[in-house]
Each structure stands twice: as C-alpha cells, then as structure tokens.
Amino acid sequence: MSDHTLAPDVLAAPIPVREVLPWVLFGALLLLALYFVGAEEGATSIVPGMYVHEFVHDGRHLLGFPCH
C-alpha cells in the first residue's frame with residue numbers, strides 16, 4: 001500500500017488585488033445594470049418618476065422582464 005497525501009506539496013500563490021479589482025467592478029456594474037433594467041419600477045424604485053423605466057423599456061422586454 002502506498003502513502004498518498006491529499007494535500008499538495010506546493011501552496012497556491014495569492015492573487016493580487018490589482019488583478020481582481022477590475023472583475024469586481026465589472027460584476028458590480030453588471031448587477032447595477034440588471035437592477036435598473038429588471039427592478040427599477042414601482043415599490044423598488046430609487047429614482048422618482050418614469051425616466052429610468054422609459055429609458056430601459058426596450059431592454060426590459062428584450063431580457064424578458066414584464067413591465068405592463
């Protein structure tokens with residue numbers, strides 16, 4: 001019977017924040033855009049009025065979000 005270990009002999013190198021930060025910003029902007037297209041209406045509205053709704057209206061239908 002051989003002696004196998006489950007832990008690797010080499011530790012993984014840490015990922016620098018400089019390499020992760022652009023992806024974190026991209027994800028945050030993507031979630032923000034998804035909020036404005038999908039939920040910026042009615043009770044969840046941050047911006048008063050219908051300006052944002054009318055601006056993202058066609059994108060809302062393209063992505064399958066109901067609004068009527």
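Along the sequence shown, the residues carry numbers beginning at 1. Because only heavy atoms are used, hydrogens play no part in the values below, and waters and symmetry mates are left out as well, while side chains stay in. Computed from a predicted structure; not experimentally measured.
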Please, which pairs that meet salt bridge (charged side-chain N to carboxylate O under 4.0 Å, His left out) have at least one residue in residues 56-66, sequence neighbours excluded? Glu41-Arg60
May I have the list of side-chain donor-acceptor pairs in residues 25-34 shorter than 3.5 Å, sequence neighbours left out?
none

Are Ile46 and Val52 connected into the same hydrophobic cluster when the rule is that any two of I, L, V, M, F, W, Y join if their side-chain heavy atoms are below 4.5 Å apart? yes
Tell me, which pairs form a side chain to side chain donor-acceptor pair (under 3.5 Å) where one or both residues lie in residues 16-36, sequence neighbours left out? Tyr35-Glu40
What pairs with Val24 under side-chain contact (heavy atoms from CB on, under 4.5 Å), at least two apart in sequence or on another chain? Val20
When you group the ILVMFWY residues by side-chain heavy-atom contacts below 4.5 Å and let the links chain together, are Val37 and Phe55 in the same group? yes
Taking every heavy atom of Val56 against every heavy atom of Phe36, the minimum-distance pair comes out as CG2-O, 3.5 Å
